[in-house]
Amino acid sequence: MLISVKNLCKEYDNEGIVTRALCGVTFDIADGEFVSIMGPSGSGKSTLMQLLGFLDRPTDGEYFFQGKDTKNFSDDDLAFLRNQKIGFVFQSFNLLPRTTVFENVELPLLYDERKESRGLLNRKVHDALRSVNLENRISNFSNQLSGGEQQRVAIARALVNDPALILADEPTGNLDSKNGLQIMRILQRLNNDGHTIVMVTHETYTSEHAKRIIQMLDGKVENDYLVKKRRIADGEEELLK
Ligand SMILES: Nc1ncnc2c1ncn2[C@@H]1O[C@H](COP(=O)(O)OP(=O)(O)OP(=O)(O)O)[C@@H](O)[C@H]1O
Ligand SMILES: [Mg+2]
């Protein structure tokens with residue numbers, strides 16, 4: 001099992017004001033799944049993504065990643081997992097401005113202590129950009145790109161280390177429907193190639209591109225089910241299967 005969480009809880013304590021963002025969350029995610037996390041604003045979706053991506057630690061409960069209990073992992077262990085095993089895609093793209101597409105995608109590779117050869121790094125960046133069809137923009141500055149293109153660069157950056165898990169928090173939230181569909185097409189293709197994807201969205205329509213939907217309410221899992229008629233983003237079209 002790639003992910004196994006049991007009774008996961010997260011409370012934020014800001015100067016004595018405690019907010020319970022997640023409580024008693026339990027589920028498994030296997031390698032190769034494509035899961036949408038749905039739920040109203042404030043239901044704990046982003047908090048859950050931050051815990052799954054080791055950006056934050058739970059206040060209670062268990063998190064097994066690739067079979068290992070993460071409870072006693074050091075901050076360095078978690079930083080290593082974040083860099084090597086997780087690719088993040090955010091609603092707001094989070095690219096470095098005045099920096100080229102190449103440099104943005106290369107960034108996660110530079111944290112790797114193995115010090116791979118220049119040639120290998122170049123090839124990984126090119127491969128990642130090819131998989132989002134943006135090799136031709138490799139020398140552009142990231143702020144010269146459209147929103148849809150910037151999100152594709154962000155996906156290439158998330159992919160470049162060949163992570164075990166891609167976490168995307170509202171990846172189409174800042175895009176129009178045409179660009180959103182293109183992102184769904186890329187995510188579905190990556191999933192077909194074996195990548196495990198967990199994506200937050202508040203749009204039912206977007207969520208139905210995944211294979212499974214976990215619905216959150218008030219910090220709890222309200223519902224967890226397989227998508228019966230999955231939407232397949234295919235070119236400009238969409239098919240129901
Ligand atoms: N750093 C923080 N400190 C205190 N409370 C927080 C913090 N981050 C989130 N919360 C609270 O935790 C709850 C869950 O927030 P979270 O961001 O996970 O919701 P969400 O489902 O992602 O919502 P949205 O759809 O608006 O993005 C909310 O009540 C929120 O106010
Ligand atoms: Mg959120």
Side-chain angles (χ1 to χ4, degrees), residues 1-12 19-66 70 81-82 85-94 151 154-155 158-159 163-175 180-181 183-188 190-191 195-233:
M1 199 55 68
L2 178 63
I3 286 173
S4 192
V5 293
K6 295 193 180 90
N7 285 318
L8 209 62
C9 294
K10 176 68 187 179
E11 289 182 348
Y12 294 104
T19 309
R20 179 177 280 190
L22 280 186
C23 181
V25 170
T26 299
F27 57 73
D28 292 337
I29 296 176
D31 280 303
E33 286 204 59
F34 185 172
V35 182
S36 284
I37 310 276
M38 296 275 289
S41 183
S43 58
K45 305 180 298 295
S46 294
T47 301
L48 178 60
M49 295 292 266
Q50 281 170 6
L51 298 183
L52 294 181
F54 308 110
L55 292 168
D56 206 350
R57 289 175 189 265
T59 39
D60 205 356
E62 293 172 83
Y63 179 9
F64 288 81
F65 185 82
Q66 294 184 323
T70 62
L81 284 180
R82 265 197 311 275
K85 302 282 188 179
I86 314 273
F88 291 97
V89 180
F90 300 95
Q91 177 173 356
S92 51
F93 321 140
N94 289 10
Q151 193 60 304
I155 292 174
L159 275 178
L165 172 65
I166 296 173
L167 295 174
D169 195 344
E170 304 246 16
T172 63
N174 283 354
L175 301 176
L181 199 58
I183 297 301
M184 284 306 111
R185 187 162 83 231
I186 289 170
L187 293 181
Q188 287 187 326
L190 294 173
N191 180 242
H195 290 276
T196 309
I197 301 176
V198 179
M199 168 183 80
V200 168
T201 176
H202 60 260
E203 296 164 346
T204 306
Y205 168 82
T206 305
S207 74
E208 290 169 348
H209 290 80
K211 295 173 177 165
R212 170 182 168 194
I213 296 180
I214 295 178
Q215 246 160 357
M216 305 286 301
L217 186 66
D218 295 337
K220 293 183 164 63
V221 174
E222 164 92 338
N223 211 344
D224 185 345
Y225 57 96
L226 298 177
V227 179
K228 282 206 188 77
K229 282 200 169 175
R230 193 176 175 216
R231 292 182 185 277
I232 306 293

Query - Main-chain N/O of Glu11 paired with Thr59 side-chain donor or acceptor, under 3.5 Å - result: yes
Query raised in the report: Any sub-3.5 Å donor-acceptor pair from Gln151's side-chain atoms to Pro171's backbone N or O?
Result: yes
Requested in this report: Any chance you could measure Glu33, atom CD, to Ile197, atom CD1, to the nearest 0.5 Å?
Outcome: 11.5 Å
Query raised in the report: Does a sphere of radius 6.0 Å around CG in Asp28 hold more than 12 heavy atoms from other residues, nucleotides or ligands, not counting ones at 6.0 Å or beyond?
Result: yes
Query raised in the report: Taking atom CE of Met38 and atom CE of Met216, what is their separation to the nearest 0.5 Å?
Result: 12.5 Å
Query raised in the report: Could you state the interatomic distance from CD1 (Ile166) to CG (Asn191), rounded to the nearest 0.5 Å?
Result: 9.0 Å
Query - Spatial distance of atom CG (Leu165) from atom CG (Asp31) [nearest 0.5 Å] - result: 9.5 Å
Query raised in the report: How close do Ala21 and Tyr12 get, heavy atom to heavy atom, and via which atoms?
Result: CB-CE1, 3.5 Å
Report task. Determine yes or no for a side-chain-to-main-chain donor-acceptor pair under 3.5 angstrom, with Lys10 supplying the side chain and Arg57 the backbone. Result -> yes
Requested in this report: Would you please name every residue forming a side chain to side chain contact (heavy atoms under 4.5 Å, CB included) with Thr70, sequence neighbours left out?
Outcome: Phe54, Tyr63, Phe65, Phe73
Query raised in the report: For Lys85, which residues count as a salt bridge (charged side-chain N to carboxylate O under 4.0 Å, His left out) partner, sequence neighbours excluded?
Result: none
Query raised in the report: Does Phe34 offer a backbone N or O that forms a donor-acceptor pair with the side chain of Gln188 under 3.5 Å?
Result: no
Query raised in the report: Are the side chain of Lys45 and the backbone N or O of Gly39 linked by a donor-acceptor pair below 3.5 Å?
Result: yes
Report task. Report yes if some heavy atom in the side chain of Val221 is under 4.5 Å from a heavy atom in the side chain of Thr26; otherwise report no. Result -> no
**Report entry** Under the side-chain hydrogen bond (donor to acceptor under 3.5 Å, both in side chains) test, residues paired with Arg230 that sit two or more places apart
**Finding:** none
Requested in this report: Please round to the nearest 0.5 Å and tell me the distance separating atom CD of Glu203 and atom OG1 of Thr172.
Outcome: 4.5 Å
Query raised in the report: Hey, is Asp224 close enough to Arg212 for a salt bridge, meaning N to O under 4.0 Å?
Result: yes
Query raised in the report: Is a side-chain N or O of Asp169 found less than 3.5 angstrom from the main chain of Val200, in a donor-acceptor match?
Result: no
**Report entry** Least distance between heavy atoms, Ser207 atom then Ser36 atom
**Finding:** O-OG, 3.0 Å
Requested in this report: Taking all heavy atoms of Thr196 and all of Gly32, pick out the closest pair and write down the distance.
Outcome: OG1-N, 2.8 Å
